[in-house]
There are 2 protein chains.
Amino acid sequence: MNVEERIKTKEQIPLDRRTIIHMMLVNNTINEQIAIALKPFDISIQQFNVLRILRGQKGKPANLSTLNERMVTRMSNTTRLVDKLMSKGYVDRITCPSNRRKVEINLTKKGTDKLLEMDKTMAQTEAALLNQFSDSDMKQLNLLLNKF
Amino acid sequence: MNVEERIKTKEQIPLDRRTIIHMMLVNNTINEQIAIALKPFDISIQQFNVLRILRGQKGKPANLSTLNERMVTRMSNTTRLVDKLMSKGYVDRITCPSNRRKVEINLTKKGTDKLLEMDKTMAQTEAALLNQFSDSDMKQLNLLLNKF
DNA sequence: CTGCTACATTTGTATATACAATTGTTGTAA
DNA sequence: TTACAACAATTGTATATACAAATGTAGCAG
């Protein structure tokens with residue numbers, strides 16, 4: 001992706017600004033591709049993220065603040081995000097018996113199955129996005145990203 | 001920024017997935033910081049982007065499709081984005097005399113002035129975001145981003 | 001036990017965004 | 001010249017998101 005061409009500018013962009021813009025452009029690409037991959041499942045990136053967090057819990061229920069803490073892109077209203085996953089039948093939610101302020105959220109069987117399907121598509125998408133990267137490219141990129 | 005720590009996972013994340021997640025996390029940081037910088041001006045990143053595009057036009061008016069084409073993060077409703085800039089007095093909009101389907105959007109004096117103020121804050125924010133990067137780091141990062 | 005503060009989630013509401021349908025304009029083929 | 005397709009922007013509407021206020025619960029000082 002050529003930055004100047006994409007944003008149609010002829011003037012030279014200072015390196016620091018160009019870097020920021022470049023990051024944004026790539027991120028848009030990433031988000032678009034993942035959204036396309038998840039579209040058949042009628043699910044957003046954040047919803048997918050929550051499903052994966054729940055799987056990582058290995059049956060141990062999660063409450064809302066835990067989810068919010070672990071989400072890649074945090075959002076201001078996790079309640080309603082979980083509402084949507086519930087209405088799809090992917091998770092269930094009960095109030096925590098030991099502390100009735102909290103809730104316990106779990107993956108359902110249906111959620112687990114769907115997530116397994118999504119995994120395949122997502123793996124393909126990740127691979128496609130990164131197909132020009134060698135392992136050492138990726139390591140280098142991760143090192144550079146650490147500087148942010 | 002340590003990925004595993006941030007998303008609170010103990011399991012090892014495959015390198016390709018980690019790379020994608022890392023990109024997203026850094027992008028969130030970038031967006032948050034820029035949003036904070038622009039908050040005093042009561043303007044969004046995309047609105048700021050449009051103002052800069054208009055300045056790049058050097059007085060030559062832009063129409064909506066031009067703006068949309070050049071925006072870093074394109075959106076589905078540039079009309080209403082421009083509405084907001086108009087209501088702030090930063091731009092004006094007339095229908096194009098030579099082709100009445102199009103519009104001509106221009107920066108106002110007020111918009112130009114405000115943009116100049118925003119430049120300062122934005123330069124600081126960019127510098128702060130990239131303060132751990134040497135020039136060669138940035139060049140390297142840009143090269144790697146080209147692979148997406 | 002009472003009153004108070006902190007906690008965890010939910011709800012209300014205003015704003016933002018996506019997507020499709022609509023409006024008005026232009027160019028052009030018959 | 002008329003009819004029609006393509007174009008450019010706008011509008012309607014459903015959904016998403018942010019932010020603040022409200023609800024209900026727990027813990028704790030006195």
What is the distance, to the nearest angstrom, from the [atom1] atom on [X] to the [atom2] atom on [N]?
| X | N | atom1 | atom2 | result |
| --- | --- | --- | --- | --- |
| Leu81(A) | dA8(C) | CG | C1' | 17 Å |
| Glu104(B) | dT25(C) | CD | C1' | 15 Å |
| Met75(A) | dT17(C) | CE | C1' | 14 Å |
| Asp83(B) | dA16(C) | CG | P | 11 Å |
| Gln46(B) | dT15(C) | CD | P | 18 Å |
| Ile45(A) | dA16(D) | CD1 | P | 14 Å |
| Ile36(B) | dC19(D) | CD1 | P | 11 Å |
| Asn77(B) | dT11(D) | CG | C1' | 9 Å |

Next on the checklist: Donor-acceptor pair, distance only, cut-off 3.5 Å: does the side chain of Arg74(A) make one with the backbone of Glu69(A)?
Outcome noted: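 A pair under 3.5 Å: yes.
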Checklist entry - Do the side-chain N or O atoms of Arg100(A) get closer than 4.0 angstrom to the phosphate oxygens (OP1, OP2) of dT25(D)? => result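 Result: yes.
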Next on the checklist: For a quick test of reading the model: is some side-chain N or O of Ser65(B) closer than 4.0 Å to OP1 or OP2 of dA9(D)?
Outcome noted: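 Yes, within the criterion.
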Item to check | Nucleotide nearest Ser76(B) when distance is taken to its side chain, options dA18(C), dA9(D), dT9(C) | outcome: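 Out of dA18(C), dA9(D), dT9(C), the nucleotide with an atom closest to Ser76(B)'s side chain is dA18(C).
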Item to check | Polar side-chain contact Arg80(B)-dT13(D) base: donor and acceptor under 3.5 Å | outcome: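 Yes, the side chain and the base share a sub-3.5 Å donor-acceptor pair.
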Item to check | Of Leu64(A) and Lys39(A), the one whose closest DNA chain C nucleotide lies more 5' | outcome: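 That would be Leu64(A).
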Checklist entry - Hey, which of these two, Arg101(B) or Val103(A), hits DNA chain C nearer its 5' end, going by closest nucleotide? => result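 Of the two residues, Val103(A) wins.
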Checklist entry - Given the side-chain rings of Phe148(A) and Phe133(B), with only the six-membered ring counted for Trp, is the space between their centroids under 6.0 Å? => result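 When the ring centroids of Phe148(A) and Phe133(B) are compared, they turn out to be within the sub-6.0 Å range.
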Checklist entry - Looking just at side-chain N and O atoms, do Asp92(A) and Thr108(A) make a donor-acceptor pair shorter than 3.5 Å? => result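 Not at all, the side chains of Asp92(A) and Thr108(A) share no donor-acceptor pair under 3.5 Å.
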Checklist entry - Just checking, any donor-acceptor pair under 3.5 angstrom between side chains of Asn31(B) and Asn27(B)? => result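 Asn31(B) vs Asn27(B): donor-acceptor pair found between side chains.
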Item to check | Given DNA chain D, 5'-ward residue of the pair Lys84(A) and Asn99(A), judged by closest heavy atom | outcome: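 Taking each residue's closest nucleotide, the earlier one in sequence belongs to Lys84(A).
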Next on the checklist: Please determine whether salt bridge (charged side-chain N to carboxylate O under 4.0 Å, His left out) holds for the pair Arg18(B) and Glu4(B), giving the CA-CA distance in whole Å, both sets of side-chain angles, and the decisive distance to 0.1 Å.
Outcome noted: CA-CA 9 Å; Arg18(B) 188 183 196 278; Glu4(B) 287 77 7; 2.8 Å; yes
